[in-house]
Amino acid sequence: MDIVDNSIRETVDLFKKRKISCQEIVRACFERIEKYNLSINAYLTLNKEQALKKAQDVDNNRVKGRELPPLAGIPVALKDIYSTKNLRTTAASKIIDNYLPAYSATVVQKLESVGAIIMGKVNCDAFAHGATGENSDFGSVKNPWDLEYVAGGSSGGSAAAVAFGGCLMAMGTDTGGSIRNPASYCNLVGLKPTYGRVSRSGVISMGSSLDSMGHLTRTVEDCALVLSVTAGYDPLDATSSRKPVDFYLQDLSHPAIKGLKIGLPQEYFGRELNPEIKTLILKAAQQFTDLGAEVDEVSLPNTAYTIPVYYLIMSSEVSANLARFDGIRFGHAREMFGEEAKRRIMLGTFALSAGYYDAYYLRASKVRTLLRQDFEKAFAKFDALLAPVVPIKPRKIGEKEQEKLKLYLEDYVTGPVNLAGLPALALPCGFWHNIPMGMQLIGPQFSEKKLFEVGQAYQDVTDWHLKRPPLVEEMG
Amino acid sequence: MSGYRPFIGLEIHVELATKSKMFCGCCADHFHKEPNTQTCPVCLGLPGALPVPNKKAIDWTVFLGLVLGCRINKHSYFERKQYFYPDLPKGFQISQYERPFCFKGWFDEVNITRVHLEEDTGKLIHRKIEGEKVTLIDFNRCGVPLVEIVTEPEIKSAEHAKEWLKKLQRVIRSLSISDCDMEKGSMRLEANVSVSKNGKLPSYKVELKNINSFRFVEKAIEFEIQRQTELFEKGQKIEQETRGFESDKGVTYLQRSKEEAFEYRYFPEPDIPPIVFTDGELDKIRKQIPELPEEKRQRFVKEYSLNEQEADYFVSNPSAAQYFEVLYLEKNFNLDFRETARLIINKKIDWENISPADFKAEVAVLQEGGLSDQVELAKAAKIVVDGNPKAVADYRKGKTNTVGFLVGQMMKKTKVDPNLARQELLKILE
């Protein structure tokens, strides 16, 4: 354990007490990266020179006694689909392996404006297509908890980078579970915010109506802190909400969950769910009961349609969104797309073709409304829903590589949240053998503040989130 | 070629003269600007850049739709029209399909199918540089708001198309939402032409594209009707296709056959929330509608008893029309409408440099000056009275309406205001 294994909150305190400097922690993170990145394959591009220079600026300002913004000096990693001005952005795809964006994503600008140090760009499934981190054109991301296992996906590099101490926080994106899944695999807190809560501007689009810009941290408190920075209306994103941003940190010191109604969607606890994982989630449910919450079963009757609806809508949007990668203004020719991108372009192109549109895309859009209504009905009775994130036993690298369809089917517990535009908070709740396991709390739109409170109440009485990967623990 | 009836529908693209582009803040005025100087991540289609719709362009489209008598979709949305072309950086054009802003309109006796809003594409420039043939792309035009107006196939002839389009251009210009300049490309014309022997709308149509003047649209349609009629007479089937117009030769040529038709894979644009209009918002737009040229012409003819030519003058000279109408706001200004109109049209009175209040005084001066001499008037009256003893006698017996005859006689001799003539005659008679 080292200074890089602390939470953001603890680090900010250490900064304030002058126990450590920003340059120290940035250097320490780069040391970790040098030590582990070769085997874990999280970072694709480092921003070392800039990061060290910024760190020095932060330290200088601190010495001068200047008031510092909330994330001043905090090392941050960005999933490589966040555009960063003049810093290579590849989407983990060979087709744009030489692309230097002319502008930075709104979220990146916001993070920089509050003093965060951009350490570099991290690996993911190419164009965020995948749930294991294995679809990267630059090689699989390995799980810092056990290098034989996947780190989850698609934001696998984001999760792995935080887990091995290559940064204190990482931005990911969640289109069908891509933040929550790797958060579960790497023992982190992962937030998929309400659709429209965080600007999508500058983040390479996957499924435009599903994409959510979220982040992975070690604690619920850190998660709330980061959302206070990234959330808010953006004139560059017509789908971003003008709803005022809540004060997420306000009630975290005394989270009130007594009498809170938590629902367990029966359809997520069926025979598809691995029994060992089911036990872990139900144990967490019991802990919420012990904390004074009322836990009961609830039904989301259209859950069975999640996968076809999700894959039709997502691939339709993907097929259009990837059309701009034509090799004319930037990047290479379209044959450089990876296999999974090609598969989704084909799927979406068929779904939108004349004669198929009504049966596929249009029908899927209608069923999507039904799925949304399922949640609305559930939230008339419940404040939050508790569900698994990874329904099957964790995967090893290369395992079942051929069974693409089976992999798609595993999204049934995470995809509905994206189809309904809801927020969901994933947080550690135990281990499947040596691999961490997470659960997710799903709330109504714009209920992030409540989800943080529920998550905080859980972390106040548990210590899963305090555990670090063995390779980190072993460091003296 | 007798017995063949043409069916002609028109598609008109008009660039809106908004300050900024349709989905980004770049300047929309692209004419003769240094290539690629008015671009940003959005209109260049860079990864991650999102379109944010221009409210003014949407309002103007609805405004135009209302002027063209359209119904408005209070719940509308943009869609992605997908096709590959180097001037279309996103690989799709943001357009409208299922729910255009405006539909089912009527303008100058032709039904309007729809009026929708989309974005313009970039410009390809084919050049030879250092002996090598290259294609350059200028993205300044990319993303400029573009309105598409589609008519039903109710245009009767090539000439009708030309005249109707001219009227449409006048109307759009009068709204100040586009300069509709065909040389600059801010108005572009397409015609769908088919011919039929039985008078029923045929199942095919030939699209004529790339026409950049009213004269050419007339010529292209004329040529096309002739071409299709000849094919029919030879017993050949006419294919659905897209044809261009070669203006030097006055002929149309094949550009794209039916087999090569695009499959656009339209679907709702997920980056832009649906656009919803309230009744209040529509009323606000409706209130901005000015009187249209045709309405104004008709009103001037009817209300002021002017002839078509006089009315036309006022339609094309709005300040003169306004001056004219202001004169009659004053209750005791009762000069004959046509008399006033003539004074304004012929500039007998320098109305542009005097206030409406002074106009009346000028009229009086002019009337006196016109009959320069009161003596002259009296002389003329005397001559008429002396020359028509019977009428004078009848008047004196009480047949007072004979004075009208005498006024007429007097007016034959001198161009005088009938009222003044009557006054002068009565002076002698009584």
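Below, each value reflects all heavy atoms present in this structure, side chains not excepted, and no hydrogens, waters or symmetry copies. Throughout, a chain's letter reflects where its sequence line sits, starting with A, and its residues are numbered from 1.
- Between chain A and the options B:Pro86, B:Gly25, B:Pro47, heavy-atom pairs under 4.5 Å are most frequent for B:Pro47.
- The number of heavy atoms from other shown groups lying within 6.0 Å of OH (B:Tyr204) is above 12.
- Other residues, nucleotides and ligands contribute only 12 or fewer heavy atoms inside 6.0 Å of the OH atom of B:Tyr85.
- Within the 4.5 angstrom heavy-atom criterion, no atom of B:Tyr264 approaches chain A.
- Contact annotation for A:Leu236: only backbone heavy atoms (N, CA, C, O) come within less than 4.5 Å of a heavy atom of chain B.
- Within 6.0 Å of OH on B:Tyr97 lie no more than 12 heavy atoms contributed by other residues, nucleotides or ligands.
- Remark: side-chain polar atoms of A:Glu317 are not paired, donor with acceptor, to backbone N or O of B:Pro270 under 3.5 angstrom.
- Within residues 49-65 of chain B, the residues that have a heavy atom under 4.5 Å from a heavy atom of chain A are B:Ala49, B:Leu50, B:Pro51, B:Val52, B:Pro53, listed by number.
- Highest contact tally toward chain B, considering only A:Leu322, A:Leu362, A:Leu210, A:Ile204, is held by A:Ile204 [criterion: heavy-atom pairs under 4.5 Å].
- Neither the backbone nor the side chain of A:Pro101 comes within contact range of chain B, judged by heavy atoms closer than 4.5 Å.
- In terms of heavy-atom proximity, B:Pro273 sits nearest to A:Ala238 at CG-O, 3.3 Å.
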Let's go through B:Asp271 and A:Asp237 carefully: what are the C-alpha distance in whole Å and the side-chain angles of both, what is the deciding distance for side-chain contact (heavy atoms from CB on, under 4.5 Å) to 0.1 Å, and is it a yes or a no?
CA-CA 8 Å; B:Asp271 286 330; A:Asp237 177 359; over 6 Å; no
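- Shown here is A:Phe350, whose CZ atom has no more than 12 heavy atoms of other residues, nucleotides or ligands within 6.0 Å.
- Counting non-hydrogen atoms of other residues, nucleotides and ligands closer than 6.0 Å to NZ of A:Lys342 gives a total above 12.
- B:Leu44 touches chain A through its backbone: at least one of N, CA, C or O sits under 4.5 Å from a heavy atom, while the side chain does not.
- Ranking A:Gly207, A:Ala320, A:Ala354, A:Ala323 against chain B, the residue ahead of the rest is A:Ala320, based on heavy-atom pairs under 4.5 Å.
- Using a 4.5 Å cut-off between heavy atoms, A:Asn321 touches chain B through backbone and side chain atoms alike.
- From B:Arg265, atom CZ reaches atom OH of A:Tyr361 across 13.5 Å, with rounding to the nearest 0.5 Å.
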Pairs under 3.5 angstrom only: tabulate donor-acceptor contacts from the side chains of residues 126-134 of chain B to other protein residues two or more places apart or in another chain.
{"residue": "B:His126", "atom": "ND1", "partner": "B:Thr135", "partner atom": "OG1", "Å": "3.0"}

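- In this structure, the portions of A:Arg200 lying under 4.5 Å from any heavy atom of chain B include both its backbone and its side chain.
- Side-chain atoms of A:Ser365 and B:Phe267, non-hydrogen and from C-beta on, never get closer than 4.5 Å to each other.
- Looking at A:Phe325, the atoms closer than 4.5 Å to chain B (heavy atoms on both sides) all sit in the side chain, from C-beta outward.
- A:Tyr103 places none of its side-chain heavy atoms less than 4.5 Å from the side chain of B:Cys40.
- The number of heavy-atom neighbours closer than 6.0 Å to NZ of B:Lys104, taken from other residues, nucleotides and ligands shown, is 12 or below.
- Atom-to-atom distance recorded for A:Ser319:OG and B:Arg80:CZ is 9.0 Å, nearest 0.5 angstrom.
- Looking at A:Ala105, neither its backbone nor its side chain comes within 4.5 Å of chain B, counting heavy atoms on both sides.
- Without hydrogens or angle criteria, A:Arg329 side chain to B:Pro89 main chain gives a donor-acceptor distance under 3.5 Å.
- Here the OG1 atom belonging to A:Thr89 is positioned 11.0 Å from the CG atom belonging to B:Leu46, to the nearest 0.5 angstrom.
- The distance from atom CD of B:Gln82 to atom OG1 of A:Thr349, rounded to the nearest 0.5 Å, is 7.0 Å.
- For B:Phe84, the part lying near chain A is the side chain, with the backbone staying farther off; criterion is any non-hydrogen pair under 4.5 Å.
- At a 4.5 Å heavy-atom cutoff, the contact between A:Phe330 and chain B is made by side-chain atoms alone.
- Interatomic distance, A:Ser353 OG to B:Glu263 CD, rounded to the nearest 0.5 Å: 4.5 Å.
- When side chains are defined from C-beta on, A:Ser209 does not count as touching B:Glu269, because their heavy atoms never get closer than 4.5 Å.
- With a threshold of 4.5 angstrom between heavy atoms, A:Phe127 does not approach chain B through any atom at all.
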